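These numbers come from a predicted model, not from an experiment. Note that ligands are numbered from 1 as they come in the structure, with each ligand's atoms numbered from 1 the same way.
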Amino acid sequence: MKRILLVVVVVFSTAVSAQQTAVASRTRPAVEFLASDRLEGRDTGSPGERMAGDYIAMQLARAGAKPLPAHRDMFMPFEFTAGTRDGGSTLTIRGGGGQQAFRDPEQVQALSFSDDATINGPVVFAGYGLVVPESQGFGYDSYAGLDVKDKIVLVLHYFPEDTDAKTKAALARYSDLRYKALAARQHGAKGLLIVIGPRSPNAGQTLRMTSDTALSGSGIPAATISGAVANAMFAGATKALAAAQQELDSGNPHVPGFTLPSQIDLTTKVVRERQTGRNVIAYLPAANVTADRPWVIVGAHYDHLGHGTRGTSLAGKEEAGQIHHGADDNASGTSAVLAIAEKLATTPLRRNVMFTLWSGEEIGLVGSNAFVMNPPVPLNQVAAYLNFDMVGRMQNNKLAADGVASSPAWARILERANIAAGFDLATNDDPYQPTDSSNFNQAGLPTLFFTTGSHPDYHRPSDTADKINYEDLDRIVDFAAAVIQATANADMAPAFTKVDPPNTGATLAGVRVTTGTIPDYTTEAKGLLLAGVVGGGPAEKAGLMKGDIITEIAGQSITNIYDYTFALELLKADTPVKVVFMRNGQRREVELTPAGRR
Ligand SMILES: [Zn+2]
Ligand SMILES: [Zn+2]
């Protein structure tokens with residue numbers, strides 16, 4: 001308790017003395033405000049995010065920046081899926097002369113990726129509902145010998161409990177509920193029920209709905225049921241649920257499933273909660289535009305993780321649920337962009353410089369994606385995008401500039417600006433970084449991304465304003481302003497070079513081929529929406545392009561990224577497969593030849 005009091009006193013007194021110092025840091029006030037408890041971690045769509053947005057707009061106006069032409073204010077709202085909850089799913093068991101109805105979430109609850117539907121029919125128990133592809137050199141198929149077509153499948157959560165470590169590892173990868181839903185759908189089932197077996201952890205409980213898989217439906221109604229509901233369905237069956245699980249838990253792949261005596265009615269309903277976040281956008285007009293591509297965009301995300309409840313928090317057990325202050329991530333970048341605006345306001349410019357402060361970055365680059373999908377200025381009028389994410393923890397004079405290979409102009413511009421700055425500059429070619437600049441790279445624009453790198457406080461409540469290196473953050477502002485000025489005032493806009501992503505296709509270790517597709521993770525689509533294709537890769541050779549939506553590959557229907565990842569495991573290098581996709585609302589087919597993965 002004493003220690004906490006002492007910290008409060010120290011922070012308070014440094015804040016006061018900073019205000020009194022004659023040569024104050026240009027970046028400190030904004031970081032301290034944005035990372036303060038009042039803003040509660042600036043979660044996208046939250047009151048703290050709105051307060052931060054208002055503050056940023058005020059600071060931009062103070063610096064002399066204006067709303068974009070034909071815009072009344074600096075706010076660009078966008079919608080996003082904030083979470084999912086059950087919208088009142090129900091299940092009725094009919095059989096044995098009576099019926100039992102369930103509507104309590106403790107008894108029946110839709111899975112977050114469920115389709116909304118009302119179905120009825122017989123129920124087939126299909127063990128753990130696991131299907132491991134032959135290509136894995138390990139045979140396991142819960143559906144072998146079972147006819148589940150137009151029936152509702154009931155499966156156990158997880159994978160057999162009593163097997164050896166190696167078998168567990170092989171099965172675990174296919175036990176994701178998404179895979180189980182896919183397997184059920186591909187065997188013709190019209191619905192899927194999940195129960196946690198009596199021999200597994202949290203036995204008999206329904207699963208809490210998570211929002212991580214909320215973006216797209218799985219193409220099948222799917223619900224989790226309690227042990228009590230499952231037992232009611234097993235009433236009169238040849239085997240009880242506990243006995244069936246015990247047999248399966250040995251890992252023997254030849255324990256068959258069976259049809260249950262009861263018929264059920266199932267209604268699944270998922271409410272996807274839409275919320276609004278806000279990008280803040282302003283610009284400094286050029287004195288008179290005399291150059292091609294008359295816009296340069298300078299951006300940073302200002303949102304952070306709130307109380308860290310959405311899943312990307314790295315908070316330890318004892319810090320869980322606390323405010324994630326996000327001083328370095330990314331009050332530092334936001335503050336840098338504000339200070340850059342102030343600095344550039346007094347210099348003559350040959351291109352308009354737009355300042356974009358994004359929200360929705362932490363939930364999947366959603367704000368900048370909304371901008372790129374619906375740009376307020378045509379993107380072919382934009383010369384380049386420069387991004388700042390985590391620039392407040394400089395150590396040993398080291399600054400990283402990523403995406404240098406996205407234009408032949410960057411190396412020289414950086415080198416020149418660094419003569420005055422004198423940073424130990426680490427340049428990196430790769431423009432595919434997990435930050436907003438990747439959206440602009442995929443849109444075909446030269447990008448640069450500045451960062452001072454990660455640290456032990458990353459995505460934890462302890463990323464606080466007192467740990468920021470303001471002196472060096474101010475130096476980054478001066479250096480970046482010089483880079484932006486050089487870009488804005490160059491006769492020719494920097495040329496764009498397309499860089500191949502270092503790692504493409506699926507992320508599962510078992511995938512041994514690449515199709516050269518770049519999935520769009522941020523937009524909802526029935527199928528796999530392509531954010532782009534790798535230059536010279538199989539998808540480009542097949543004629544696929546950005547905006548196409550793949551709905552089928554090698555005979556496997558695709559409704560989402562999980563289906564696609566699963567389908568990739570079945571492909572063989574150099575063996576052509578048929579790809580069905582939608583382009584501008586029209587169904588098309590091409591042949592694609594996957595390449596082996598190095
Ligand atoms: Zn960040
Ligand atoms: Zn972050």
Side-chain angles (χ1 to χ4, degrees), residues 27 30-31 34-35 39-46 48-49 52-53 56 78 80 82 211-212 277-280 297-316 319-320 322-338 340 355-372 385-394 399-403 428 430-441 447-465 467-469 473 476 480 521-522:
T27 50
V31 171
L34 293 169
L39 272 63
E40 293 203 65
R42 313 183 303 280
D43 199 4
T44 305
S46 71
E49 181 239 39
I56 290 164
F78 59 89
F80 65 99
S211 57
D212 55 327
R278 294 192 307 177
N279 296 327
V280 188
I297 306 181
V298 180
H301 76 89
Y302 73 91
D303 68 301
H304 194 53
L305 303 172
H307 287 257
T309 47
R310 263 204 249 269
T312 47
S313 164
L314 296 173
E319 325 163 292
Q322 292 178 14
I323 294 172
H324 287 51
H325 296 88
D328 187 34
D329 187 13
N330 187 27
S332 69
T334 303
S335 176
V337 169
L338 294 174
I340 289 166
F355 302 96
T356 53
L357 288 311
W358 313 114
S359 188
E361 195 269 356
E362 301 285 14
I363 56 171
L365 316 181
V366 178
S368 55
N369 184 62
F371 178 97
V372 168
Y385 174 73
L386 292 92
N387 192 64
F388 300 82
D389 196 351
M390 299 175 62
V391 284
R393 293 284 195 108
M394 182 170 284
L399 178 66
D402 292 349
N428 170 17
D430 184 8
Y432 295 88
Q433 302 291 336
T435 180
D436 297 298
S437 46
S438 65
N439 280 330
F440 288 86
N441 175 61
T447 57
L448 275 180
F449 158 42
F450 297 98
T451 183
T452 50
S454 200
H455 44 77
D457 299 307
Y458 173 70
H459 278 202
R460 293 173 60 196
S462 52
D463 177 8
T464 47
K467 291 175 186 149
I468 298 297
N469 174 349
L473 182 53
I476 293 172
Y521 293 98
T522 59

We want to know whether [X] and [Y] form a side-chain donor-acceptor pair, criterion being a heavy-atom distance below 3.5 angstrom.
X    : Y    : answer
N439 : S368 : yes
S332 : D328 : yes
T435 : N387 : yes

(request) Work out the angle at the Zn ion (ligand 2) between OE2 of E362 and NE2 of H459, rounded to 10°. (result) 110°
Would you say the Zn ion (ligand 1) has [X] as a near neighbour, meaning an N/O/S atom of that residue under 2.8 Å away?
X    : value
D389 : yes
D329 : yes
H304 : no

(message) So which atom in T44 and which in D303 form the shortest heavy-atom distance, rounded to 0.1 Å?
(response) OG1-OD2, 3.5 Å
(message) Report whether any nitrogen, oxygen or sulfur of E361 sits less than 2.8 Å from the Zn ion (ligand 2) (N, O or S, backbone or side chain).
(response) no
(request) Just say parallel, tilted or perpendicular for the rings of H304 and H324, cut-offs at 30° and 60°. (result) tilted
